[in-house]
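Quick notes on the structure that follows.
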Amino acid sequence: MAELHARVLIAGGGTGGITLASWLRRLRPDLEVAVIEPSPFHDYQSGWVLVAGGFVDVASTRRPEGEVIPEGVRWIQAAVAAFEPDQNRVRLADGQCVGYDVLVVALGLELQWSAVPGLAESLGRHSVTSIYRRDLAAHTRRVLESFKGGTAIFTHPATAIKCGGAPQKIMHLADQQFKARSGVGVRSRLLFCTAQPALFPVAAYSERMVAIAAERGEEVRYHHDLVAVNGAERTATFCVKEPGKVSREAVLPFDLLHVVPPMAAPAVVARSPLAVNPGEGWVAVDPRTAQHRRYGNVFAIGDVGSFPTAKTAAAVRQQAPVVAANVVAVLEGRSPESAYDGYSACPLITSDHSVMLLEFDYRQQPVSSFLVNPVKERWFTWLLERFGFPWIYWNRMLTGQPHEAAYLKPLEGIARRLGLMRWQRSQRP
Ligand code: FAD
């Protein structure tokens with residue numbers, strides 16, 4: 001069988017793969033780019049929260065993959081079965097090999113539903129649900145709408161996850177809905193059980209998130225890692241590992257359980273020579289250039305990379321122009337010089353009319369794209385989340401357009417001189 005070959009091969013045609021392919025075509029219209037992606041569909045995953053909240057239809061979060069592959073880019077509809085970077089090739093599930101000059105890994109991450117005994121069998125039944133699966137987003141909406149009262153538990157696992165704010169977004173939306181029905185006898189107790197020691201890694205945001213939960217009477221339990229679910233008996237078992245104490249087990253009864261499962265690098269990456277430690281982990285990249293630490297012609301973008309920042313589509317938006325510039329540099333025999341500053345963002349929905357836009361970078365400090373104090377819930381950021389971001393995703397991000405906030409740059413100097421802007425802003429490509 002003749003081996004396929006592409007100058008630039010992108011493994012994965014999700015958010016990172018498609019955004020990068022568009023940027024590469026923008027920089028070098030003649031560059032030969034191929035994307036390996038098995039799915040016939042492309043999902044706007046951030047929209048699943050909006051589906052669960054009853055704001056949009058699930059159909060609006062999906063488009064055919066063929067519609068988002070940029071013109072001139074070859075789509076290889078197959079799954080990667082192995083990475084063989086010493087031979088500059090990947091092996092597909094059907095055994096065929098695809099060679100490359102430069103490889104960019106964009107496989108996202110794996111959701112490990114089976115890692116929690118009882119979870120996979122309970123999902124979609126017994127009021128156990130999750131916005132982290134497309135097919136359960138509308139189910140979550142129905143579960144919230146039919147909740148008659150009692151204890152609703154929302155979990156956050158011990159591993160890194162995509163969109164670290166999403167587990168709280170769905171809790172706040174549920175809380176608002178339940179309180180609106182208190183007049184018809186719905187009495188709820190909301191528990192946020194997180195395996196983490198804080199609500200968010202950036203202290204200024206975490207403090208405000210703690211205050212928001214307290215204002216609403218939502219109870220937070222730290223160091224609570226979900227280890228088993230019994231759907232029929234409606235109990236959730238947590239391993240509680242508080243610092244300085246012997247770990248214990250806590251069995252909590254629930255009337256509604258929203259689960260965010262543990263997440264990890266895809267197995268095909270973890271077992272490849274590309275992993276941080278061969279045998280486990282994310283693709284080992286330089287956090288600024290996204291270039292692989294051992295293979296100079298390999299890069300990663302998105303959730304699958306070992307970038308020490310939050311895994312979000314917002315991060316991908318900033319990484320894409322950097323990775324594209326560095327891929328072109330390597331193809332031309334230069335050193336990669338473009339740098340990613342770790343920017344990531346998560347719109348924390350706190351109600352059906354307010355969002356706190358959590359923006360930050362490698363310094364783990366709040367930054368603001370919009371010249372305003374980011375540690376604040378706002379209506380305009382709700383409008384962005386509800387109407388702006390979905391439009392931007394399909395029409396500007398996947399097509400490789402510069403970040404909207406770049407257009408505010410000329411105003412920034414004036415705002416600073418007038419003392420209107422005290423907030424740092426991340427570097428925008
Ligand atoms: P993905 O977009 O997941 O793409 C990975 C692609 O690789 C997929 O298309 C998959 O089919 C493909 N693939 C997998 N295995 C193989 C294989 N073996 N061979 C070939 N292809 C393969 N981000 C935000 O910025 N803001 C938000 O508000 C937000 N909210 C979110 C809410 C939810 C519920 C979820 C689930 C995510 C949210 N995110 C949010 C996160 C965001 O969607 C991800 O960070 C982003 O999609 C990561 O892009 P990626 O390309 O790394 O991975």
Side-chain angles (χ1 to χ4, degrees), residues 9-21 34-53 61-62 65 68-69 75-83 90-94 98 104-111 129-134 136-137 140 160-170 258-261 263 265-272 282-283 290 300-305 307 309-320 323 343-349 355-359 381 384-386 388-390 392-393 397-398:
L9 182 63
I10 303 175
T15 307
I18 297 300
T19 307
L20 177 69
V35 172
I36 305 177
E37 169 60 58
S39 172
F41 301 110
H42 184 105
D43 291 318
Y44 175 58
Q45 301 171 35
S46 314
W48 299 344
V49 190
L50 297 173
V51 173
T61 64
R62 171 168 276 187
E65 180 74 13
V68 298
I69 300 264
W75 175 18
I76 301 171
Q77 193 173 4
V80 175
F83 290 99
V90 304
R91 191 171 290 279
L92 304 179
D94 65 3
V98 189
V104 184
V105 186
L107 291 196
L109 51 69
E110 256 174 31
L111 296 114
T129 192
S130 180
I131 52 168
Y132 275 76
R133 243 174 58 181
R134 182 179 190 272
L136 291 176
T140 303
I161 63 170
K162 48 182 161 187
C163 196
Q168 289 170 69
K169 296 181 196 181
I170 189 64
H258 180 274
V259 179
V260 178
M263 302 184 198
V268 65
V269 168
R271 63 171 178 257
S272 80
W282 312 102
V283 177
I301 188 167
D303 297 349
V304 77
F307 305 101
T309 191
K311 298 182 183 300
T312 64
V316 167
R317 184 105 194 258
Q318 305 309 318
Q319 292 163 4
V323 179
Y343 175 88
S344 189
C346 174
L348 182 79
I349 301 174
V355 159
M356 181 161 76
L357 188 57
L358 316 173
E359 296 181 275
T381 40
L384 270 178
E385 167 71 354
R386 167 66 186 81
F389 292 147
I392 287 170
Y393 184 81
M397 178 168 166
L398 293 185

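This one's a predicted model, so the numbers in the text were calculated from it and none came from an experiment. Atoms within each ligand, like the ligands themselves, are counted from 1 in listed order.
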Which ligand 1 atoms are under 4.0 Å away from a heavy-atom of [X]?
X	result
G16	49 (O), 50 (P), 51 (O)
K169	27 (C), 28 (O), 30 (N)
Y132	36 (C)
I36	20 (C), 21 (N)
A106	5 (C), 6 (C), 7 (O)
T312	23 (N), 24 (C), 25 (O), 45 (O)
G12	7 (O), 21 (N)
I131	34 (C)

Give yes if a backbone or side-chain nitrogen or oxygen of [X] is under 3.5 Å from a nitrogen or oxygen of ligand 1, and no if not.
X	answer
V268	no
S39	no
E37	yes
E385	no
G302	no
A314	yes

Has [X] got a side-chain atom pairing as donor or acceptor with [Y]'s backbone, closer than 3.5 angstrom?
X	Y	result
T61	W48	no
E37	Q77	no
E110	A267	yes

What residue and atom, counting heavy atoms only, is the protein's closest point to [atom], and at what distance?
atom	value
atom 14 (C) of ligand 1	L107 O, 3.8 Å
atom 39 (N) of ligand 1	C163 CB, 3.5 Å
atom 18 (N) of ligand 1	V80 O, 3.1 Å
atom 1 (P) of ligand 1	Q45 NE2, 3.7 Å
atom 23 (N) of ligand 1	A313 N, 3.1 Å
atom 4 (O) of ligand 1	G14 CA, 3.3 Å
atom 29 (C) of ligand 1	S46 OG, 3.1 Å
atom 53 (O) of ligand 1	G108 CA, 3.4 Å

Query - Heavy-atom proximity to atom 44 (C) of ligand 1, best of L111, T15, V51, D303 - result: D303
For [X], is the nearest heavy atom under 4.0 Å from an atom of ligand 1?
X	result
A11	no
C346	no
P347	yes

Requested in this report: Of the side chain and backbone of R317, name the one, both, or neither that has a heavy atom under 4.0 Å from an atom of ligand 1.
Outcome: neither
**Report entry** ligand 1-proximal atoms of K311, by part, heavy-atom distance under 4.0 Å
**Finding:** backbone
Requested in this report: Kindly write out the residues that satisfy side chain to side chain contact (heavy atoms under 4.5 Å, CB included) with R62, not counting sequence neighbours, or none if the list is empty.
Outcome: F41, D43, R134
Query - Partner residues of Y132 under the ring pair (Phe, Tyr, Trp, His ring centres under 6.0 Å) criterion, sequence neighbours left out - result: none
